[in-house]
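To start, the structure under review is shown below, and the notes come after it.
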Amino acid sequence: MIDLAALRTEPDRFRAAFAARGESVEVAGLLAADEQVRALKHRAETLRAEVNAASKAIGQAARQGGSAVEEAKAKARALGDEAKRVDEERDAAERALHERLLVLPNPCLAEVPVGKDATGNRVVAEWGAKPAFGFAPKAHWDLGPALGIMDFDRAAKVAGSGFVCLRGNGARLSRALISWFLDVHTAEHGYQEWQVPYLVHPQCMVGTGQLPKFHDQFYACKADDLVLIPTAEVPVTNLHTGEILEAETLPLKYTAHTPCFRREAGAAGIGTRGMTRVHQFDKVEVVWFTRPETSAADLLTLRGHAEVLLQRLGLHYRVLELCTGDTGFASAHTYDLEVWSPGTNSWLEVSSCSIFTDFQARRANLRFREKGGKPQFLHTLNGSALALPRCLIALLEQHQQADGSVSVPAPLRPYLGGLERITGNAAVTG
RNA sequence: GGAAAGGUGGCAGAGCGGUUGAAUGCGUCGGUUUCGAAAACCGAUAUGCCCGCAAGGGUAUCGGGGGUUCGAAUCCCCCCCUUUCCGCCA
């Protein structure tokens, strides 16, 4: 959520920021509504002060056995009714304004390139090179089933389209990636590992920015008023809701592996073959709660934590800096990591690293305090490190061999009992 | 799911219709004392919003929401959470 006080003092900055995102926002209307709310608030509080003073006087008079008590009560009652009426008016106006604020996106940082859509994104780094094959590389939807490690048909049987089963060494490889990611983050990058709920209160989704605007993008359990998380970002970012953290504890760096559930409404048909876009996938996420002064630099550090994983897996990838028109609703600056998929001849997003400035902190009420200072909103950052299915796709496709087998990158071998190569497993291909 | 007991400031824990934003203790911070420290003593110590240059003032908040009342942490209703017991169960 944006800072209303800031909107008041520099409306033009916000106008420009919204325009850069391609959003038309009626700033003047917002300011007028804000003005109205403030006026109502002032009136309501003034009236309430009068009621409180009258009540206090009645209490004193009653104790002294005054005679005018009944008369004073009637007067106070009338005053109280008026105060209540104005307060209800104030409440309605305040709610309406709040709803309008909740659908406003976060202004992007000044250095973010201005652009209309994905075509305005810039490639800012590229690592490795496209692997050269002496044969026609296969796509994972051929490779996986042939190796008996991926099963789309049976997933469809139990859950419909948009799901995948991993099997045997496929399942084990996925588990190895998760464990290795978490181990690197906790042992080398200073993160603390969490296991968190996969079902959360809708309010958490407001905190991170998915609600109220993107309500059709995730699964909801209406009977229990809970939603399935679309990313670990949601439960992890909301962990410290309502708390005031001591400044010296920052940055808090958390990592969590969770499944992620996404309806992908409206995405049917585009790039949905195989497991590039599925309704359920695993992901290791990293989240920072940090100070405003360091957050911009922290984003690069966080991005590095995701990149090093791809490097050690020997996977060719590139880094995209998203332009204003393609940056997500809550983010102020985003880098996407895209890994090369030779089988589909395309780049696949395996990580999105973002700084949210104080946007989520305002929504989720995340604050910190310097010693002796006032509480202030902290900054949140997060990134995938990394998303499993697309890592798996790139790994299989980039490391595939002429005979259809796949070589296992060295860091993962200890997690696979020393396995160096995945070959067809006759025992489970039935 | 059933029964019971609870949810009060950073923590512990009083308060159960009238200057109670809330006793007391602990913790924390500042001061006195000390060569220094401990102890002791003195003082300070919630958050949001509004008005104000400030000092300060106002308002709201005692799990959440509604109600009764001139006035609610205190009374009533609904919901949530915690603990214990029973049931069920990985």
Side-chain angles (χ1 to χ4, degrees), chain A residues 1-9 30-102 195-207 220-227 235 238-250 252 259 358-378:
Chain A
M1 194 153 67
I2 62 157
D3 179 9
L4 252 183
L7 184 74
R8 278 198 288 270
T9 54
L30 282 169
L31 291 172
D34 171 49
E35 198 52 51
Q36 193 202 0
V37 165
R38 281 142 58 86
L40 281 168
K41 202 176 237 175
H42 190 71
R43 260 186 75 203
E45 289 188 1
T46 306
L47 278 167
R48 183 55 60 189
E50 289 177 34
V51 173
N52 287 346
S55 296
K56 201 176 275 186
I58 291 171
Q60 283 165 353
R63 249 172 295 139
Q64 291 159 10
S67 55
V69 168
E70 281 311 314
E71 199 180 315
K73 276 190 186 178
K75 243 167 124 181
R77 191 180 301 129
L79 204 53
D81 289 345
E82 170 69 358
K84 194 173 178 182
R85 214 205 80 242
V86 174
D87 198 56
E88 277 166 4
E89 202 179 329
R90 186 224 91 236
D91 189 58
E94 209 165 23
R95 279 174 202 266
L97 176 60
H98 190 67
E99 275 173 31
R100 290 172 74 174
L101 290 178
L102 282 179
Q195 283 202 4
V196 293
Y198 306 155
L199 286 161
V200 297
H201 295 304
Q203 185 56 41
C204 292
M205 304 284 270
V206 175
C221 306
K222 290 209 169 63
D224 300 288
D225 200 26
L226 291 168
V227 298
N238 281 281
L239 246 20
H240 294 295
T241 283
E243 297 180 29
I244 301 172
L245 302 167
E246 285 174 35
E248 54 267 36
T249 64
L250 301 181
L252 290 175
D358 62 1
F359 189 82
Q360 293 182 325
R362 287 178 187 283
R363 290 172 159 251
N365 194 17
L366 305 165
R367 293 178 295 173
F368 77 102
R369 172 164 42 203
E370 301 285 358
K371 232 178 180 57
K374 299 282 292 175
Q376 53 181 312
F377 291 112
L378 47 76

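The sequence lines fix the lettering, A, B, ..., with proteins before strands; numbering per chain opens at 1.
Of the residues in residues 73-93 of chain A, those placing a heavy atom less than 4.0 Å from an atom of RNA chain B are A:Lys73, A:Ala76, A:Arg77, in numerical order. Heavy-atom distances under 4.0 Å link RNA chain B to A:Arg38, A:Lys41, A:His42 of residues 35-42 of chain A, given in residue order.
A:Arg362 pairs by the salt bridge (charged side-chain N to carboxylate O under 4.0 Å, His left out) definition with A:Asp3, A:Asp358, not counting sequence neighbours. Qualifying side-chain hydrogen bond (donor to acceptor under 3.5 Å, both in side chains) partners for A:Glu89, counting only residues two or more places apart in sequence or in other chains: none. Every residue two or more places apart in sequence or in another chain that forms a salt bridge (charged side-chain N to carboxylate O under 4.0 Å, His left out) with A:Glu94 is listed here: A:Lys41, A:Arg90.
Going from atom CZ of A:Arg369 over to atom P of B:G9 covers 15 Å, rounded to whole Å. Between A:Ile58 atom CD1 and B:G17 atom C1' the separation is 14 Å, expressed in whole Å. Separating the CG atom of A:Asp225 from the P atom of B:C80 is a distance of 11 Å, rounded to the nearest angstrom. Note: CZ (A:Arg48) to C1' (B:A72) measures 12 Å, nearest angstrom. Taking atom NE2 on A:His240 and atom C1' on B:U47, their separation rounds to 19 Å, with Å as the unit.
For the C1' atoms, the distance linking B:A73 with B:G9 amounts to 12 Å, nearest Å. The C1' atoms of B:U59 and B:U45 are separated by 22 Å, rounded to the nearest whole Å. Nucleotides B:U20 and B:A72 have their C1' atoms positioned 11 Å apart, rounded to a whole Å. The P atoms of B:G21 and B:C79 are separated by 30 Å, rounded to the nearest whole Å. Rounded to a whole angstrom, the distance from the P atom of B:U74 to that of B:C89 is 41 Å.
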Query raised in the report: Between A:Leu4 and A:Leu97, does a side-chain contact (heavy atoms from CB on, under 4.5 Å) hold up when you go through it step by step?
Result: CA-CA 10 Å; A:Leu4 252 183; A:Leu97 176 60; 3.8 Å; yes
Report task. For side-chain contact (heavy atoms from CB on, under 4.5 Å), just list the numbers for A:Leu250 and A:Leu252, CA-CA rounded to whole Å, side-chain angles, deciding distance to a tenth of an Å, and then say yes or no. Result -> CA-CA 5 Å; A:Leu250 301 181; A:Leu252 290 175; 4.3 Å; yes
Query raised in the report: A:Arg43 and A:Glu82: side-chain contact (heavy atoms from CB on, under 4.5 Å), yes or no, with the steps?
Result: CA-CA 10 Å; A:Arg43 260 186 75 203; A:Glu82 170 69 358; 3.7 Å; yes
Requested in this report: Under the side-chain contact (heavy atoms from CB on, under 4.5 Å) rule, what do A:His201 and A:Leu226 come out as? Steps first, then yes or no, please.
Outcome: CA-CA 5 Å; A:His201 295 304; A:Leu226 291 168; 3.9 Å; yes
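Within 6.0 Å of CD in A:Gln195 there are 12 or fewer heavy atoms belonging to other residues, nucleotides or ligands.
In RNA chain B, consecutive stretches of 3 or more Watson-Crick or G-U wobble pairs with both distances under 3.5 Å are given as paired ranges: B:1-7 with B:80-86, B:10-12 with B:24-26, B:27-32 with B:40-45, B:46-51 with B:56-61, B:63-67 with B:75-79.
In this structure, the nucleotide among B:G48, B:G71, B:U59 sitting nearest to the side chain of A:Ala49 is B:U59.
Position along RNA chain B of the nearest nucleotide to A:Arg367 versus A:Glu45 favours A:Arg367 as the more 5'-ward residue.
For A:Asn52 and B:G18, the shortest distance from a side-chain N or O to OP1 or OP2 is not below 4.0 Å.
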